[in-house]
Amino acid sequence: MSGAPTAVYLDHQATTPVDPRVLDTMLPWFSETFGNAHSEQHIWGRQAADAVELAREKVASLIAAEAREIVFTSGATESNNLAIKGAVRFAMRHGRGKHVVTVVTEHKCVLESCEALVEDGAEVTYLSVDHEGFVDPVAVESAIREDTVLVSVMAVNNEIGVIQPLARIGEICRARGVLLHTDAAQAAGKIDLDVNAMMIDLLSVSGHKMYAPKGIGALYVRRRPRARLLAEMSGGGQERGFRSGTLPVALTVALGDAAEIAQSELAAEGVRLSSLRADMLAQLRSRLGEVIVNGSMDNRVPGNLNVGFAGVDAEALMTELPELAISTGSACTSASVEPSYVLKALGLSDADAGASVRIGFGRYTTPGEVNAAAEMIVEAVENQRSGNSARAAE
Amino acid sequence: MDIYLDHNATTPVHPEVVDRMTSVLAQTGNASSVHRFGRLARRMVDDAREAVAQLVESSAANVVFTSGGTEANNLALCGFSGQAVVSAVEHDSVLAARADASKIPVDHKGVVDLDQLREMLVGRDEQVVVSVMYANNETGVIQPIAEIVSLAKKHGALVHCDAIQAAGKLSVSMRELGVDLLSLSAHKIGGPQGVGALVVRNGLDPEPLLRGGGQERRRRAGTENVSGIAGFGVAATLAADRLSEFASIAALRDHMEHRLSDAAPDAIFHGASRERLANTSCVGLPGMTGEIQVMTLDLAGVAVSAGSACSSGKVTPSHVLLAMGADDETAKSAIRVSLGADTRAEEIDRFVDVWSDMAGRRSLNNEKRRSVA
């Protein structure tokens, strides 16, 4: 690859590489067997439509849903917008409530979707999390009001990898007759998700977080009891009217295959990633002494580590490590210099939040890369600390 | 060998575009990440932005990448408050985006009625967005955009132009046209499905449809579809280079229409008396529904469509032809034949043969029906 990295990529929560197996199956759909999946009157269109339907089944299978409950979108941001704004606007239009319950550590696109609803006259309750990053199901229950339409709680946090107690929350929402939406962009293909067992009504999936390309995602929309949404994009009425627009056939095929692969490899991959992460943490701790882990280590996806090095400036640390791709927060907001709102929600001070980095392991991460990355981080932290103490001594 | 004559529905991705996307897909990076993987992705997106801007003679900063033409149209139409005034022959994604819009009628040739538009604009005190497509997806008829713009400007209205079918088929200049908003789709010009753009004139700020991260200058949240956008960029450059080549398709199309007309003198060529896209022919065959024609042609290995792909599942007559004054039966008997830059004369000949045969059997069937009666 030109201009490029022999560098180590440990930012798998920002985006993942495309699995070569996925790439192989999607590429023919650009040229050899191209077609508009909505042109069902001719063979090109029917082939494309068949490929899309097969992909729909694979995505559904990943979350134990039915194929006809899957709506393809351009990504998790669109899925989250459609789920949250779509459900609440539908309810508001029909006088069936106007209140949303969500959590302060949600992804920006969930929070912004809620803000958009506030402009429409909706009301939002933002629940806090404990110091490990968990939302309390009891707090969800007490936040639900007569006019609550929707509870939106992410399955796995993008910065700290913490897994929320969805099944408990699902039970509460179902009992209270409120829809449960979950942003599963970081969870799908990484933890077991069962929309029926967890009583989830709406679930967002992102392709590029699970080794498919960017530009494709999905929204699960429950049929029984039916989750009703107002479409965000209108037009040809594709995707059963939930989402108009020509489906990108190659991308849907890719998402389907990525879902299938993730599902079949989920358990073994989880063990492998946990061991890489444990190895990284052990090396950092043995060399640097105290390393603070942000968020629970017990209920967390295996590919995520978020650690703080007291007294270190994480932004500067990253600048010192051009050969290592890690991050200081979510990519969407990483251009901002504000400390992570997720880490602050755990109770971290600005300084501690600003001393933290996210290290994300993935399908192609090797033990050798983990060792190399640990070495780089240790050296950079030590450099900064000795620089700091030298300055302090002057 | 199957013959594809449905290029207005979607086009094959150009091999150079596939090459570019294949190499981009082999790289990892979120364009919003600050590390080198992210910066590399950002550069790919920005290069494509430049290429797309050049295709329509605008500047890169004005290009907002979307998931496709439908999203671009929705963003344009829903991004501004006030009244929407749209032509009666717009694509469903414009018509459905603003169900409350007033409709500008078209004449029997498919061209918007400027006098009617003037009347609709007079005395409006709220913001008006006028939306008229550059060229129609079903008939290929080209609208007088420059005149529409000057009329709209006189009344302080914004103008959106859906140029999804026009871009890459003829020269489209945002600067010359003076439109405020222009929609594009990659898969209609040899790029991939799943990416499009809304080009927004300097100083305009549509209310975003998708909210979240600060991507696309806060006009469209969501991780950029880096490979799709890069592919769109290459397709835009190729399309710009091949414009004159594309214009030459008209000769093949006209030859085709002559032969069809010879085979069935009662065939109707909708919009043919006006300036049209070089590749598009909307042919009516009285006495046979478009559905039956499309199926018959499909069995013979020729792909065309009855109306636009998005609504091709429906059996309702085309709203475009109805707006042009066709009756239900006439509208239902039309098919759309849309050629590509690489369509060969032999393919057209084969299509004409199959079609002529079908048209001939139609008169036999009609005679049989008459004799039975």
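In what follows, chains are A, B, ... by sequence order, proteins preceding strands, each numbered from 1.
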Less than 3.5 Å apart, which donor and acceptor atoms pair up between the side chains of residues 12-22 of chain B and the rest of the protein, not counting sequence neighbours?
{"from": "B/His14", "atom 1": "ND1", "to": "B/Glu16", "atom 2": "N", "distance (Å)": "3.1"}
{"from": "B/Thr22", "atom 1": "OG1", "to": "B/Val18", "atom 2": "O", "distance (Å)": "2.6"}

Of A/Pro213, A/Ala116, A/Ser113, A/Gly75, the largest count of non-hydrogen pairs under 4.5 angstrom with chain B goes to A/Ala116

The interface call for B/Thr11 against chain A, heavy-atom contacts under 4.5 Å, is backbone

Whatever's closer than 4.5 Å to a heavy atom in chain A on B/Leu95 counts as neither

Okay, B/Arg220 and chain A: the region with an atom under 4.5 Å from a heavy atom over there is side chain

Against chain A, residues from residues 293-301 of chain B with at least one heavy atom under 4.5 Å, in numeric order, are B/Val294, B/Asp298

If one checks every heavy atom of B/Asn225 against chain A at 4.5 Å, the contacting part turns out to be both

When the 4.5 angstrom heavy-atom criterion is applied to A/Glu119 and chain B, the contacting part is side chain

Under 4.5 Å to a heavy atom of chain B? For A/Ser206 that would be neither

Whatever's closer than 4.5 Å to a heavy atom in chain B on A/Ile216 counts as neither

Counting heavy-atom pairs under 4.5 angstrom with chain B, the leader among A/Leu23, A/Asn81, A/Leu321 is A/Asn81

Most heavy-atom pairs under 4.5 Å with chain B, out of A/Gly215, A/Ser234, A/Cys109, belong to A/Ser234

So, the part of A/Met318 with a heavy atom under 4.5 Å from chain B: the answer is side chain

| task | May I ask you to decide whether B/Arg49 forms a salt bridge with B/Glu216, counting only side-chain N to carboxylate O separations under 4.0 Å? | result | yes

Applying a strict 4.5 Å limit to non-hydrogen atoms, the region of A/Glu115 in contact with chain B is both

So, the part of A/Leu111 with a heavy atom under 4.5 Å from chain B: the answer is neither

Whatever's closer than 4.5 Å to a heavy atom in chain A on B/Val94 counts as neither

Greatest number of non-hydrogen atom pairs under 4.5 angstrom with chain B, of A/Leu251, A/Thr33, A/Ile43, falls to A/Ile43

